[in-house]
K.L.:
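The structure follows.
These numbers come from the heavy atoms of this one structure, side chains and all, not from hydrogens, waters or symmetry mates. Predicted model only: the values in this text are computed from it and were never measured. Sequence lines set the chain letters: A, B, ... in the order given, protein chains first and strands last, and positions in each chain run from 1.
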Amino acid sequence: MDATTPRAGRTTALRADQISLFDRRIALRAIGDAIVKLNPARLMRNPVIFVTEIVSALVSFVALRNLATGQAFAFPLTIAAWLWLTVLFATFAEAVAEGRGRARAESLRRARTDTLAKRLVRAGDRSSYQPVAATALGVGDIVLVEAGDLVPSDGEVIEGVASVNESAITGESAPVIRESGGDRSAVTGGTTVVSDWLVVRITAASGSTFIDRMIRLVEGAERRKTPNEIALDILLAGLTIIFLIAVVALEPMAAYSGSVLGVPVLAALLVTLIPTTIGGLLSAIGIAGMDRLVRFNVLATSGRAVEAAGDVDTLLLDKTGTITFGNRMAAAFVPAPGIDERELTEAAVLASLGDETPEGRSILSFARDRFGIVAEPPAGAAVVAFSATTRLSGLDAGERSWRKGAVDAVLATIRLAAPPVGFSQSVDRMARAGSTPLAVAAGGRLMGAIELKDIVKPGIRDRFAALRRMGIRTVMVTGDNRITAAAIATEAGVDDFIAEATPQDKLDYIRKTQAEGRLVAMCGDGTNDAPALAQADVGVAMQTGTQAAREAGNMVDLDSDPTKLIEIVEIGKQLLITRGSLTTFSIANDVSKYFAILPAIFIAAYPELGAMNVMHLATPQSAILSAVIFNALIIVALVPLALRGVKFVPVGAAALLRRNLLIYGLGGIIAPFIGIKLIDLLLTLLGLT
Amino acid sequence: MTPIGWAQIALVLALVALTAWPLGRYIASVLAGAPTPLGRLLGPAERGCYRLAGIDPGRGMSWKAYAFALLMINAAHFLLLYAMLRLQFYLPLNPQGMAGLSPPLAFNTAMSFVTNTNWQAYAGEGALSYGSQMWGLTVHNFLSAATGIAAAAAVARGFAGGGLKQLGNFWADLTRITLYVLLPASLVLAVFYIARGIPMTLSAYVDATTLEGAKQTIALGPVAFQEAIKLLGTNGGGFFNANSAHPFENPDAWTNIVELWSIVAIPFALTVTFGRIVGDARQGWALFAVMGILILAAIGVVYWAEAGGNPLLTALGVDPALGNMEGKEVRFGIPMSALFVALTTGTSCGAVNAMHDSLMPIGGLVPMFLIQLGEILPGGVGSGLYGIVVYALIAVFVAGLMVGRTPEYLGKKIQAKEVKLAMLAVLILTFSILGGAGLSVALPVATASLANAGPHGLSEMLYAWTSATGNNGSAFAGITADTPYLDIGLGIAMLLGRFAFLVPVLAIAGSLGGKVKLAGGAGTFPTHGPLFIGLLIGVILIMGGLQFFPALSLGPIAEQVTLLACKTY
């Protein structure tokens, strides 16, 4: 795997536009969209808000009838207005979420221009082609793409090597190599070949290319309700019916008790009791969750995959690039008996001046970082460069000479048949731990050993610990032998590892883990990863990977950064947490509504029920109105939270639940008492009651 | 409220808590078909039953087969009981020559006993023959109780493992529960009751001359055995109209304590059984705690309301320290009456040792609310357990998302199907209670049955529909229940409350049983411990109870506040 080191601080096409929560253009357009979305046929998908709309229409009718017949109409009209606002706020929330996605899609659409493709007349013969509109290409067509051409559609390179600028989709302007065969054979429509040429077999018809799918995803056009969303919808619909029964049954009971409840009052009671808050924000939360993933340069093929990411409890992580930096670097200087560490370090630095390999350079930087030693070659020194045959490098300055390299090569150079026991032991220990030992000699004398090892990324151990607290096991996958793998696994703090892993091993491990009732996420890029990617509950394919891998996974990481798996899980969890928190908040809100509305509507029959007016709301009408207004405004007030998502803290489920229950459960009970009281005060102050 | 009163209450509850663990484990072994001491003794009888009916007790049933068997035997028994009640005049053991019941009353009564409701629109000693009481009602007290426990067992099994296709054998469950739990326990209790003076005879009623020289007919009958299963199976249908307030059903403090224990013993013990079956005792204890905390609060409120006396009488110079003794038996006093009120409505029992109509408004609100919550605190035998599991599923679904995973309860993912079925079950209760009561107060044919005007009248009607739907069977009284409208209407409410709730719950068990059982970990929602207990209490009150709040404010709450203002209707 290459191109795996995280590249910090760069901007991407998608990430570049950090859209503020209420961007003016988006907000303006959302207002228009919100009104369009009032169409009952569309609103029917959302049972809670649909019922609210019907009730609003009913109250409006009553208000207009009263107006026409000269009865009191101000109160029903005000209620009707706020009920309509409740519906509008809900559709507005969805429109804003969609608008943000659309803004992101625009930058993508720029990449999808109409180009002429060079379709080969005969496969295998580059000399003759006919120009065809990219949109007319079919799956299986063979096209030629030369330097300066746009790749007309998604495809597989079958011939040639070229550098391709993929900034249109990844935002990364440095070109990448695409070649036939191997793991870098996939090209994406809309990217540009900057040098050489490629022969490409088209794998996606026009309209279903990667970019097309991305656009539809971020726009929310292809949004289907996810399993959890459907379940939540059923719960909300069930609650709505329950409260509908309760409110309808209340009418005859009130009549029996001697108080006539009008439609506006019953409507107010119903709408404040049904879970309008979560009903209004549910789809916005889903769209925003997908948007967060896209902003993170990860594309999910479905919302289902994002939800599954939250459920994952086992992460399969490739060692190289994810857990370690991927190349061996100097990690320790172990002096031979009688030598001090600083002498050894200086010798090692001088001996490495002629070593241009990454290992050699790592020795210099390690020495600089650890001891502040910067190489100053003696005047007239001659560098002995590293070569694969000598397996050592060095420096010669007159009589003095320094050598560093493979242990046996160095020992042979200084003709030392029996190195000191201490040295041999250190070298053996390094080998056992999976490190590579190098020997250093100066002036024919053995100075000590350098330990080269695959360095575990700083901070990765803490992240794994955080994952463990969240209940997620990490499993390291590596081609190393068991001993090396065990050493690195211990150092990185993973829970398990698969050594000498073949693609089949990965697949078997995933199957075994799933049979234990766990959900597995993994990332991969090669064609041989495809079965495992497909088997995993969340398979993240790298954008640099093969077409097969990209098809098998249910997410594609445009940055090709395997560490992202961790963030993807967090985004999935955050989506579910936001949904759960706002549902809890919405349901908990109901308690206060009873104390606001019930005493107000029964005041005629039983004035003594005024004792239940614990908020001391001014008048029955202001009490009902305050509850309705609070119910409408809370939707708008929570739009930012729905779009941003509830803050995710990587702690155990019990701690997380305690925290969120306190904020959204208890807070949900208390907040409306305060809010309704404040609105009532304001209404009284403005003389509106 | 007095310390001695609380001590009496504590004594009963301590007995319940002490027996829950051994009894729950015993029931679990019985349900698993594991060898028990009684099994050695009665094993031949059990095997004889299977051979006679051609049943293979080891053959598991899918949830559909299980539900079908359950519905079929109950339907058959409904028809049998209906016929028996209509034809009792022609059947043996009828020394008083009781006539057959009218069709609506026979429908209502048959439905009532098949659904474990035991709502009584008739007066036992004035309408039923000994035969009807014995092989009509008593038999169904066993059948309906065993049905409930069997269904609870099936639901618990749905959580036990992964990829289950079967929930056990209904016939085996029914036979084992009856043979090894209900029958022997009833026998022991009946002997105790006989020893305390409860009649057990087939001789005719006795004519006596009172000290004043008046003639009085003293009703007798085979009471003791029916009394035992009436409470143990949370049935509640009394042999006599006065139920457990009658001296021949509940003669003294000792029988009262034993009756109280036997109402809640099995429902609480079943939480332990649940823990055993799902393989995690803590899960059972969490449900036990939720039931215990809420029922304790309910007991406290009733006791407080009744001990405070009636302000209207206090204004007339009655000592409030006596409490509200209207409708209560002096031999039980306020605390043991209050405890009975809460336990009989917290379960689906419905037996009474004090008249609920005479409770203070708040004292009457508690039993009504306990039933409206779905009879889960601790609920009827079996039905309480599967009822609270439905709320646990809803609680886990709503709050479980807040830990950032698709909610799961006991390792089973809760998805659209389960939510749909759970909401359906909860919806049916609301529909039947509020719809029935709402419709009835609008119909003169129904309001004619009410003895009281004002909020108390509304409470009476609300209570009737609540009691029927919740399969409780206790009456607020003050309502003439034997009218064709109420007989049939409430009969349908009982049917909905029992089977329209039970079938979706079995479907949930079937659906969950087939799912993979996920391994728990630090990332999964913990469904034991104080946090979950608090959450479940909140969900039961907010999602199970709030919808009844508007109706309750017009009934008992309005009555309470107007009473405090010294207003009567």
K.L.:
Could you give all pairs that pass the salt bridge (Lys or Arg N to Asp or Glu O under 4.0 Å) test and reach residues 438-466 of chain B, with sequence neighbours left out?
P.N.:
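Passing the test, one end in residues 438-466 of chain B: no pairs.
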
K.L.:
What part of B/L443 lies closer than 4.5 angstrom to a heavy atom of chain A: side chain, backbone, both or neither?
P.N.:
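No part of B/L443 comes within 4.5 Å of chain A.
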
K.L.:
Filter on salt bridge (Lys or Arg N to Asp or Glu O under 4.0 Å), then keep only pairs touching residues 409-419 of chain B, sequence neighbours left out; what's left?
P.N.:
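As it turns out, the salt bridge (Lys or Arg N to Asp or Glu O under 4.0 Å) pairs with a partner in residues 409-419 of chain B, which skip direct neighbours, are A/D311-B/K413, B/E418-B/K515.
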
K.L.:
Considering only heavy atoms, which portion of B/M461 lies under 4.5 Å from any heavy atom of chain A: side chain, backbone, both, or neither?
P.N.:
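The answer is neither part of B/M461.
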
K.L.:
Determine the option with the most heavy-atom pairs under 4.5 angstrom with chain A, choosing from B/M423, B/M402, B/R405.
P.N.:
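Most heavy-atom pairs under 4.5 Å with chain A: B/M402.
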
K.L.:
Specify which of A/L609, A/D313, A/L656, A/I597 makes the most heavy-atom pairs with chain B at under 4.5 Å.
P.N.:
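The residue among A/L609, A/D313, A/L656, A/I597 with the greatest pair count is A/L609.
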
K.L.:
Flag the one option from A/T583, A/D590, A/L239 with the top tally of heavy-atom pairs under 4.5 Å to chain B.
P.N.:
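Option with the top pair count is A/L239.
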
K.L.:
Quick check on the interface: out of A/V247, A/L250, A/D233, who has the most heavy-atom pairs with chain B under 4.5 Å?
P.N.:
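Counting heavy-atom pairs under 4.5 Å, the top option is A/L250.
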
K.L.:
With a 4.5 Å cut-off on heavy-atom pairs, point out which of A/G471, A/P607, A/A231 contacts chain B the most.
P.N.:
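Ranked by contacts with chain B, first place is A/A231.
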
K.L.:
So which part of B/P526 gets closer than 4.5 Å to some heavy atom of chain A, the side chain, the backbone, both or neither?
P.N.:
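When you check distances to chain A, only side chain atoms of B/P526 fall under 4.5 Å.
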
K.L.:
Just how far is it from atom CD of A/E608 to atom CG of B/L564, taken to the nearest 0.5 Å?
P.N.:
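So the CD of A/E608 and the CG of B/L564 are separated by 9.0 Å.
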
K.L.:
Indicate yes or no: at least one non-hydrogen side-chain atom of B/I394 is less than 4.5 angstrom from one of A/L235.
P.N.:
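A side-chain contact under 4.5 Å exists here.
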
K.L.:
Count the heavy atoms belonging to other residues, nucleotides or ligands that lie under 6.0 Å from CZ of B/F431, then report whether that count exceeds 12.
P.N.:
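Count not over threshold, so no.
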
K.L.:
Tell me, for B/L458 versus chain A, whether the close heavy atoms (under 4.5 Å) come from the side chain, the backbone, both or neither.
P.N.:
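Its backbone and side chain both get close to chain A.
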
K.L.:
Could you tell me which portion of B/A437 (side chain, backbone, both or neither) has an atom closer than 4.5 angstrom to a non-hydrogen atom of chain A?
P.N.:
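Both parts, backbone and side chain.
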
K.L.:
When heavy-atom pairs shorter than 4.5 Å are enumerated against chain B, which of A/F243, A/Y256, A/Y664 gives the highest number?
P.N.:
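Ranked by heavy-atom pairs under 4.5 Å with chain B, first place is A/Y256.
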
K.L.:
Ignoring hydrogens and geometry, is there a side-chain-to-backbone donor-acceptor pair from A/Y594 to B/L546 under 3.5 Å?
P.N.:
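Answer holds: yes.
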
K.L.:
If you count heavy atoms of other groups shown closer than 6.0 angstrom to NZ of B/K420, is the number above 12?
P.N.:
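Incorrect, the count does not exceed 12.
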
K.L.:
Under a 4.5 Å heavy-atom cut-off, does chain A meet the side chain of B/F397, its backbone, both or neither?
P.N.:
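Contact with chain A: side chain only.
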
K.L.:
Check whether B/L462 gets within reach of chain A through its side chain, its backbone, both or neither, counting any heavy atom under 4.5 Å.
P.N.:
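For B/L462, side-chain heavy atoms alone lie under 4.5 Å from chain A.
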
K.L.:
Can you find a heavy atom in the side chain of B/L518 that is under 4.5 Å from one in the side chain of A/L519?
P.N.:
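B/L518 reaches A/L519 side chain to side chain.
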
